[in-house]
Amino acid sequence: MHHRQDQRRWDAQPRAIKDPRPQNATATDPLVLATSLLDGARTRAALLKAVEARVKADAEERRHFAAAAGRVRGLSGDQALVQAVRNYLQDLARSAANDRTATVVWLAQTVATLTGTGVPNGAHSGVTVARDLRAAAEALFRPRGRDDVSVSG
């Protein structure tokens, strides 16, 4: 069988519309950014340390992390820890809006610090940043397709 030069190979075909791989993930989504931080050696260590500190400080988050870690199978050491954090982030993405908004806000602040993207103006006041990040975190869970009216506060 001869391969014609003008014939495209099957793996060079464009991806189907319903391909499950995310194509245009929001670059500002703290959950997407945090998951991508697990791929780099330097950022992975920093994110693991931050998650460890958060889990130690909050009993509710400790329970969530324990559930995520309980689903890790066949791995040990650092690989198991990284997979547990991935599970934890996936669980955070699936949680209800009011359930873990504070954790999403914390994650957005942590990711901004680790990536060096900075924090919004007024970061030194604390209150302004927390309010802006909380609104951003809540917007992640808002149903799509309806016109939302933003309330400035």
**Student:** If I compare all heavy atoms of Arg54 with all of Thr103, which pair ends up nearest, and what's the gap?
**Tutor:** NH2-OG1, 3.2 Å
**Student:** Name the atoms and distances for all side-chain donor-acceptor pairs under 3.5 Å in residues 72-83, with sequence neighbours left out.
**Tutor:**
from	atom 1	to	atom 2	distance (Å)
Arg73	NH1	Gly70	O	2.7
Gln83	NE2	Asn87	OD1	2.9

**Student:** Excluding sequence neighbours, so at least two apart, what forms salt bridge (charged side-chain N to carboxylate O under 4.0 Å, His left out) with Lys49?
**Tutor:** none
**Student:** For residues 49-74, which residue pairs pass the ring pair (Phe, Tyr, Trp, His ring centres under 6.0 Å) check, not counting sequence neighbours?
**Tutor:** Phe65-Tyr88
**Student:** Does anything in residues 36-59 form a ring pair (Phe, Tyr, Trp, His ring centres under 6.0 Å)? List the pairs, not counting sequence neighbours.
**Tutor:** none
**Student:** Please report the closest heavy-atom contact between Glu61 and Arg100, naming both atoms and the distance.
**Tutor:** OE1-NH2, 2.6 Å
**Student:** Can you see which heavy atom on Ala108 is nearest to which on Pro30, and at what distance?
**Tutor:** CA-CB, 3.7 Å
**Student:** Applying side chain to side chain contact (heavy atoms under 4.5 Å, CB included) to Val51 and Val55, what does each step give before you reach the verdict?
**Tutor:** CA-CA 6 Å; Val51 169; Val55 168; 4.0 Å; yes
**Student:** Tell me, please, which residues at least two apart from Arg44 pass salt bridge (charged side-chain N to carboxylate O under 4.0 Å, His left out).
**Tutor:** none
**Student:** Identify each donor-acceptor pair in which a side-chain atom of residues 33-42 lies under 3.5 Å from a protein atom, sequence neighbours left out, and give them as a table.
**Tutor:**
from	atom 1	to	atom 2	distance (Å)
Thr35	OG1	Leu31	O	2.9
Ser36	OG	Leu33	O	2.7
Asp39	OD1	Arg86	NH2	3.1

